[in-house]
Novice: 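Sharing a structure here in structure tokens format.
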Amino acid sequence: MATSKLFQPIDVGTVALQHRVVMAPLTRYRGNAKHTPTDLVVEHYAARASIPGTLLISEASYIAHKASGVFFNVPGIWSDEQAAAWKKVGLLCSATLASTCNSDDFLYPR
């Protein structure tokens with residue numbers, strides 16, 4: 001197992017990962033009634049960002065209230081309140097040196 005590429009570093013674009021284990025995007029249904037990510041979202045990402053050099057792909061998020069359909073508690077990203085909540089996740093991951101991205105990072109590279 002020591003020679004497995006899974007645990008070897010790799011560069012993905014400008015991001016240096018310490019291993020090749022990546023958290024895939026999930027929808028955790030941990031937003032409140034306004035689709036704002038709750039503290040459980042921060043706690044969820046904190047647990048997964050505890051190892052530096054880890055890539056976390058953030059969960060699917062609604063871009064507008066009218067896009068939310070019948071699904072409750074899915075986090076959104078269209079309001080200032082939601083953006084502030086997601087910023088907590090980003091700052092936490094930055095502090096632990098984990099890398100986060102969302103699907104837009106792959107579709108529209110900077």
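Not measured: the values here are computed from a predicted model.
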Novice: Would you find a donor on one side and an acceptor on the other, under 3.5 Å apart, between the side chain of T38 and the backbone of N32?
Specialist: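 Side chain of T38 to backbone of N32, a donor-acceptor pair under 3.5 Å: no, none is there.
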Novice: Output, in order, the C-alpha distance, side-chain angles, deciding distance and verdict of side chain to side chain contact (heavy atoms under 4.5 Å, CB included) for R28 and L40.
Specialist: CA-CA 10 Å; R28 306 290 304 159; L40 285 174; over 6 Å; no
Novice: Let me know which of Q18, R48, H19 forms a side chain to side chain donor-acceptor pair (under 3.5 Å) with T54.
Specialist: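 Exactly one candidate clears the test, H19.
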Novice: Do side-chain atoms of Y62 reach the backbone of A67 as a donor and acceptor pair under 3.5 angstrom?
Specialist: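 Side chain of Y62 to backbone of A67: no pair is present.
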Novice: Considering all heavy atoms of both residues, which atom of V74 and which atom of A60 are nearest to each other, and what is their separation?
Specialist: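 Shortest heavy-atom separation between V74 and A60 comes out as CG1-O, 4.1 Å.
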Novice: Which is it for I10 and K5 under the side chain to side chain contact (heavy atoms under 4.5 Å, CB included) test, yes or no, and what are the steps along the way?
Specialist: CA-CA 9 Å; I10 187 170; K5 287 188 176 189; over 6 Å; no
Novice: Would K87 and L91 count as a side chain to side chain contact (heavy atoms under 4.5 Å, CB included) here? Give the steps.
Specialist: CA-CA 6 Å; K87 187 174 183 178; L91 291 173; 4.0 Å; yes
Novice: Are more than 12 heavy atoms from other residues, nucleotides or ligands located less than 6.0 Å from atom CD1 of I63?
Specialist: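 Atom CD1 in I63 is not crowded, with 12 or fewer foreign heavy atoms closer than 6.0 Å.
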Novice: Students often mix this up, so state it plainly: with edges at 30° and 60°, are the rings of H35 and W78 parallel, tilted or perpendicular?
Specialist: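 Rings of H35 and W78: tilted, as their planes differ by 30° to 60°.
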Novice: For W86 and P75, work out which heavy atoms get closest and say how close.
Specialist: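 Minimum heavy-atom separation between W86 and P75: CZ2-CB, 3.7 Å.
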Novice: Which heavy-atom pair separates N73 from A33 by the least distance, and what is that distance?
Specialist: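 Heavy-atom minimum between the residues: ND2-N, 4.4 Å.
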Novice: Looking at I77 and A83, what are the two nearest heavy atoms and their distance?
Specialist: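 Taking every non-hydrogen atom into account, CD1-CA, 4.1 Å.
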Novice: Which heavy atom in Y45 sits nearest to a heavy atom in I57, and how many Å separate them?
Specialist: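 What the structure gives for the nearest pair is OH-O, 4.4 Å.
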Novice: Could you pull out the closest heavy-atom pair between P37 and A85, with the gap in Å?
Specialist: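 What the structure gives for the nearest pair is O-CB, 3.5 Å.
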